[in-house]
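Report on the following structure.
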Amino acid sequence: MSLQYSTEKQVAIAAVRRACALTSSVFNKLVKTETLTKGDKSPVTIADYSAQAVVNTILSKAFPSDPIVGEEDAADLRQDGAETLRNRIVELSNEALTADLGVGDLAEWGLGPGKERTLEQLLDAIDRGNDQGGPIGRRWSLDPIDGTKGFLRGGQYAVCLALIVDGDVKLGVIGCPNLPVNSIEPEGLKGCIFSAVKGQGAEQITISDAKRSPVFIPPLEPRMLNLLESMEAAHADLSFNQQVSELLGITRPPTRMDSQAKYACLARGDGGVYLRMPINPEYQEKIWDHASGALLIQEAGGVITNSLGKPLDFGIGRTLGKNYGIVAARKDVHAQVLEAVQKARSAQAAL
Ligand SMILES: Nc1ncnc2c1ncn2[C@@H]1O[C@H](COP(=O)(O)O)[C@@H](O)[C@H]1OP(=O)(O)O
Ligand SMILES: [Mg+2]
Ligand SMILES: [Mg+2]
Ligand SMILES: [Mg+2]
């Protein structure tokens, strides 16, 4: 008997691997043209749209009745004047979809040489990401490029795909094309895909040769803990993090990186705490920004809650609703972090 969600996992990893190859190839072509250093966002848009087209095409073939909550939609691409953009998306998406079958790929998912899609099919695939989420039923969440700023810098970004059933994340996959396979060799081989299935644990595979290793948060002495946090000061309250760090007696400096790569790092023990307190409480976190990471943390022996200690709710809609921040850490550390967060908050309120 095969394990629950084993087909979904195989499909999700295949889709994320192709999307990672696509985004890496866009980046490599971009640096040569310098468009990237000028901060022109359109090439990133090309990578985002194409990655969503590829993943949604594969999901729709393998699971035709599953809705998808995807970050992007094709409305702007359908406008007059977007022809160059559309042509690039068709080219990039078809390059990814028609690449030779890799480890675990099946031709029945519509992959491999000769499986080109038309412009209309690809735009429709992007628009398959229009599901509104909710508490009932089975659906996927997709962030085709999480950490746009990291992608632009040549830093960390992630392709994130999750399966959510009745508001509960059952499968999470995070592809990190720029993350070192082994954190103690930062200049070594890069490119990993993390996956977790509810109740079945978590693992990491290398993008290049699909080598597997289990993923779990090792016990870390408090002095060895450090905070994983956003690069972008606008995305999380980094000065609050500093106070929490001091209250916990953490001496190591924080590790700043973009995207759900932070969850991946925490899950394999590169860090110890992921703290994301809102700068702007009106900003509602999106489910595609946290679903895969949340399950990865839980399956690696961690706990993830908001700053009040309540679980994140992936069954509200496209967002996580009211923003009380996010706290993730190994089980034993999580309670200490929550306590420190409350203390830091009281100290702030007393000012
Ligand atoms: N004001 C905000 N607060 C928190 N997160 C934000 C905010 N604005 C955008 N984001 C999202 O944060 C995620 C990246 O987080 P991090 O900085 O930790 O890497 C992105 O998905 C980004 O969305 P977007 O994809 O639309 O840029
Ligand atoms: Mg994102
Ligand atoms: Mg994104
Ligand atoms: Mg975005």
Side-chain angles (χ1 to χ4, degrees), residues 15-16 19-20 22-23 26-27 39 41-56 68-77 126 129-130 140-162 172-179 227-241 254-267 270-271 273-294 296-297 304 306-307 312 314 318-328:
V16 167
C20 287
L22 184 157
T23 54
V26 172
F27 180 81
K41 293 292 195 307
S42 62
V44 179
T45 312
I46 290 168
D48 288 350
Y49 284 131
S50 307
Q52 180 153 324
V54 166
V55 173
N56 285 5
I68 304 166
V69 180
E71 182 181 356
E72 314 300 344
D73 70 69
D76 290 346
L77 296 175
I126 294 171
N130 64 1
W140 296 84
S141 73
L142 169 67
D143 192 337
I145 291 188
D146 180 38
T148 311
K149 300 264 171 65
F151 178 79
L152 279 165
R153 289 188 203 100
Q156 293 309 320
Y157 69 95
V159 177
C160 304
L161 182 59
V173 177
I174 303 181
C176 301
N178 290 344
L179 194 68
L227 257 63
L228 288 150
E229 57 189 30
S230 299
M231 281 293 266
E232 291 300 316
H235 291 178
D237 189 342
L238 303 181
S239 64
F240 187 86
N241 277 12
T255 302
R256 292 195 172 145
M257 68 174 72
D258 301 279
S259 85
Q260 288 188 60
K262 289 189 279 298
Y263 285 120
C265 287
L266 174 60
D270 308 344
V273 181
Y274 176 13
L275 187 55
R276 185 183 187 87
M277 295 299 285
I279 284 269
N280 168 14
E282 299 303 312
Y283 178 81
Q284 298 200 334
E285 297 282 353
K286 311 299 186 296
I287 61 171
W288 55 78
D289 280 329
H290 300 284
S292 311
L296 186 66
I297 292 306
I304 176 163
N306 67 18
S307 67
L312 306 183
F314 292 95
R318 285 172 71 88
T319 77
L320 292 173
K322 206 161 169 13
N323 192 346
Y324 294 106
I326 293 173
V327 181

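All ligand and atom numbering here is 1-based and tracks the order in the structure. Since this is a predicted model, take the numbers as computed values, not measurements.
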Given the options T23, T148, N178, Y157 meets side chain to side chain donor-acceptor pair (under 3.5 Å) only with T23
Taking every heavy atom of C265 against every heavy atom of L228, the minimum-distance pair comes out as CB-CD2, 4.1 Å
On a heavy-atom basis, the closest approach of N56 and G129 is ND2-N, 3.6 Å
Looking only at heavy atoms, the pair that brings G150 and D258 closest together is CA-OD2, 3.2 Å
W288 meets the side chain to side chain donor-acceptor pair (under 3.5 Å) criterion, sequence neighbours left out, with none
A correct count of protein N/O/S atoms found below 2.8 Å of the Mg ion (ligand 3) gives 3
Using heavy atoms and a strict 4.0 Å limit, residues surrounding ligand 1 turn out to be E71, D146, S230, A234, H235, D258, S259, K262, R276, Y283, E285, D289
(Q) Between S239 and D237, do the side chains contain a donor N or O and an acceptor N or O under 3.5 Å apart? (A) yes
The single option from I287, L161, D289, I68 that satisfies side chain to side chain contact (heavy atoms under 4.5 Å, CB included) with S141 is I287
Contacts of D146 meeting side chain to side chain donor-acceptor pair (under 3.5 Å) (sequence neighbours excluded), chain-then-number -> none
Does R153 form a salt bridge (charged side-chain N to carboxylate O under 4.0 Å, His left out) with E232? I'd like the steps, not just the answer. CA-CA 12 Å; R153 289 188 203 100; E232 291 300 316; 2.4 Å; yes
